Trainee: 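Before we start, here is the structure in question, set down as structure tokens.
Bear in mind that the values here come from a model prediction, so they are computed numbers and not experimental data.
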Amino acid sequence: MIVRGEWPDGLEQAFTAYEDALMRDDTAVLDDLFEAGDGTLRGDDSGLLRGHDAISAFRCGRGGVARRTIAAVDVQRLAPDTVLVVGESHFAGGGRGLQTQLWCRTDGVWRIRTAHVTGRPKAFDRSVWRVVGDPLVHGADAGPLVGVRVAVKDLFAVRGQVIGAGNPTWERSARTEGVSASAVQTLLDAGAVVTGIARTDEFAYALAGRNPHFGSPPNGADPTRIGGGSTSGSTSAVALGTADLGLGTDTAGSLRVPSSYQGLWGLRTTHDRVPRDGLLPLAESFDTVGWVARSASVLAAAAGVSVPGACVGVDDGELLVSDALLDAVEPATAAAFTAWLDRAGRPVRRIELPPLDDLAETLRVVQAAEAWRNDGAWIEAHPDALGEDVAARFAAAAAITAEAEALARGRLEELRTCVRDVIGGGVLCLPTVPGPAPLRTATGDAVLRTRVATLRMTAVAGIGGLPAVSAPFLTVDGAPVGVCLVGPAGSDRAIVALAETLL
């Protein structure tokens with residue numbers, strides 16, 4: 001290792017200990033080598049982490065770093081107890097990177113106060129993308145979406161590509177698609193380009209955005225938190241600026257949840273309003289097409305070309321609010337939502353929905369029965385192909401009896417009618433999710449509890465088959481939480497327009 005400059009007493013040993021701990025992924029040693037407190041910083045191409053606790057949480061969830069050696073170090077002494085160290089790293093798999101650290105000595109101990117890491121260049125982030133191009137598919141030369149880059153969820157057919165469904169075993173045997181799904185082709189005909197095919201949770205049967213095979217797409221709003229799923233890769237691509245529009249699906253919240261977690265605009269369309277040909281199904285009774293974008297204008301443009309037929313208007317003179325839904329969210333989220341309602345200045349009318357547990361359980365049973373009908377034979381033939389969480393979900397789906405499904409289907413029709421009657425021509429307003437995205441270090445049990453709580457809220461639009469837009473209006477504990485507007489069937493474009501007025 002080439003060293004330019006002089007090491008102060010003890011710093012070379014601290015720097016070496018840091019590198020050794022990185023290679024071992026010894027998080028305890030790494031934590032001790034960073035200064036405690038909220039003033040410690042760590043940055044990379046994903047964003048800036050502020051505070052020792054946030055840095056520690058990120059480090060515990062990343063699973064180690066690529067093998068590397070330090071080829072050269074520049075040591076610049078800024079003050080007797082303050083030193084800037086810039087290291088040039090060579091990676092075992094090829095490529096080079098830089099790491100810059102501000103080391104400070106307190107009571108004779110050197111620790112890092114600020115660090116910035118520049119890793120080796122990536123062809124693309126495999127946790128976000130399955131395949132990318134420049135672009136992957138060209139669109140029409142003219143149209144309302146010219147210049148818009150689209151990330152397509154890996155459930156839609158794209159001509160010349162396979163549908164990977166978030167699972168490498170499935171992908172290896174999937175056929176090459178000869179025709180793009182209508183939802184894809186409509187965007188291309190409007191001038192958009194497909195940048196690439198983005199990752200999804202396995203078979204879209206999850207809400208966390210964690211894929212055991214390819215990694216978890218990052219949360220573009222807060223890298224310490226999960227990004228949400230199952231429209232996970234598309235949402236991260238938009239949040240990170242590598243796409244302008246994410247094409248996804250929403251069955252039980254798979255588009256609204258990551259939109260909320262990452263501070264984006266997201267629209268779940270009216271059930272059966274946008275064609276689903278060329279889409280690998282999860283549960284046809286609830287599957288819908290939708291989009292995520294950084295701005296309401298891009299979201300509205302996508303809906304404008306993709307949602308056929310006349311738009312149903314809404315009674316926007318007042319907002320409908322359910323106390324049961326507010327009771328279902330975390331206290332800080334409820335407080336932020338109530339304050340937002342006051343600022344919005346719209347009259348509020350309280351409504352009473354069917355029991356939330358009834359909505360969520362009915363959706364769960366019907367969704368599970370249909371998911372097993374669609375994918376069960378393949379899963380039985382490939383028993384070790386799924387990650388632990390989704391495998392457990394499919395195992396539960398396999399246990400749904402015909403009698404249980406029949407009862408749930410009967411209840412679904414009753415509940416759908418009830419939800420639609422209660423909302424009528426108005427707009428239901430609620431926090432999209434119970435609270436900010438869980439930390440990336442959250443355990444399986446914590447993520448499961450979040451999933452259960454979230455389904456109690458997202459099931460309203462799912463059971464109703466209604467359009468729902470998530471708008472990035474709230475900040476809770478420094479992280480984004482969406483406000484969701486649920487309108488009558490066919491009011492897809494109208495609720496996006498209404499949400500824009502509430503900014």
Trainee: Taking atom CG as the centre, does D327 end up with more than 12 heavy-atom neighbours from other residues, nucleotides or ligands that are less than 6.0 angstrom away?
Mentor: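 Above 12, so yes.
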
Trainee: Taking atom CG as the centre, does D342 end up with more than 12 heavy-atom neighbours from other residues, nucleotides or ligands that are less than 6.0 angstrom away?
Mentor: yes

Trainee: For R159, I'd like to know if atom CZ has over 12 heavy atoms of other residues, nucleotides or ligands within 6.0 Å.
Mentor: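 Count not over threshold, so no.
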
Trainee: Would you compute the distance between atom CZ of F203 and atom CZ of F394 and round it to the nearest 0.5 angstrom?
Mentor: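 Reported value, rounded in 0.5 Å steps: 6.0 Å.
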
Trainee: Under the criterion salt bridge (Lys or Arg N to Asp or Glu O under 4.0 Å), I'd like the reasoning laid out for R210 against D201: C-alpha separation, chi angles, the key distance, then a yes or no.
Mentor: CA-CA 6 Å; R210 290 174 163 172; D201 298 26; over 6 Å; no

Trainee: Roughly how far, to the nearest 0.5 Å, is the CD1 atom of I197 from the CG atom of L155?
Mentor: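 Here the interatomic distance stands at 11.0 Å.
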
Trainee: Is it the case that more than 12 heavy atoms not belonging to E6 sit under 6.0 Å from its CD atom?
Mentor: no

Trainee: Taking everything shown except R451 itself, do over 12 heavy atoms lie less than 6.0 Å from its CZ?
Mentor: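 Counting neighbours around CZ of R451, more than 12 heavy atoms of other residues, nucleotides or ligands fall under 6.0 Å, so yes.
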
Trainee: Just list the side-chain donor-acceptor pairs under 3.5 Å for residues 81-90, sequence neighbours left out, or say none.
Mentor:
residue, atom, partner, partner atom, Å
D81, OD1, R105, NE, 2.8
D81, OD1, R105, NH2, 3.0
S89, OG, G97, O, 3.1
H90, NE2, R96, NE, 3.4

Trainee: Quick check for you: to the nearest 0.5 Å, what is the distance between L41 atom CG and F34 atom CZ?
Mentor: 10.0 Å

Trainee: Any donor-acceptor pair under 3.5 Å linking the side-chain atoms of K153 with those of T231?
Mentor: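 Their side chains do contain a donor-acceptor pair, which is all the 3.5 Å distance test asks for.
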
Trainee: Should R67 and M23 be marked as a side chain to side chain contact (heavy atoms under 4.5 Å, CB included) after you check the CA-CA gap, both sets of side-chain angles, and the distance that decides it?
Mentor: CA-CA 6 Å; R67 304 295 300 178; M23 294 303 99; 3.3 Å; yes

Trainee: For S56 and D31, test the side chains for any donor-to-acceptor distance below 3.5 angstrom and give the result as yes or no.
Mentor: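 On atom types as modelled, these side chains qualify, holding a pair under 3.5 Å.
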
Trainee: If the threshold is 4.0 Å, N to carboxylate O, is there a salt bridge linking E35 and R113?
Mentor: yes

Trainee: Is V3 close to E12 at the side-chain level, that is, under 4.5 Å between some pair of heavy atoms?
Mentor: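 Side-chain contact under 4.5 Å: no.
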
Trainee: Rounded to the nearest 0.5 Å, what separates atom CZ in R199 from atom OG in S127?
Mentor: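 If I round to the nearest 0.5 Å, the distance is 8.5 Å.
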
Trainee: I'd like to check V289 versus L247 (side-chain heavy atoms, cut-off strictly below 4.5 Å). Are they in contact?
Mentor: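 Sidechains of L247 and V289: in contact.
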
Trainee: Look at the aromatic rings of W265 and F473 and report parallel, tilted or perpendicular, splitting at 30° and 60°.
Mentor: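 W265 and F473: perpendicular rings.
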
Trainee: What distance separates T338 OG1 from R343 CZ, expressed to the nearest 0.5 Å?
Mentor: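 Spacing of OG1 (T338) from CZ (R343) equals 10.5 Å.
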
Trainee: For D45, which residues count as a salt bridge (Lys or Arg N to Asp or Glu O under 4.0 Å) partner, sequence neighbours excluded?
Mentor: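 Salt bridge (Lys or Arg N to Asp or Glu O under 4.0 Å) check on D45 returns nothing, list empty.
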
Trainee: Got T288 and V274 here, is their nearest side-chain heavy-atom distance under 4.5 Å?
Mentor: no

Trainee: Within this structure, what is the CG-CG distance for the pair L439 and D222, rounded to the nearest 0.5 Å?
Mentor: 8.0 Å

Trainee: Under a plain distance cut-off of 3.5 Å, with no hydrogens placed, do T432 and S470 share a side-chain donor-acceptor pair?
Mentor: yes

Trainee: Does this structure show an ion pair linking D25 with R59, if we count only N-O contacts that are shorter than 4.0 Å?
Mentor: no

Trainee: Is it true that W129 and F124 have ring centroids separated by less than 6.0 Å?
Mentor: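 Ring-ring flag for W129/F124: false, centres at least 6.0 Å apart.
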
Trainee: Please examine the side chains of L325 and L428, heavy atoms only from C-beta on, and report whether any two atoms are closer than 4.5 Å.
Mentor: yes

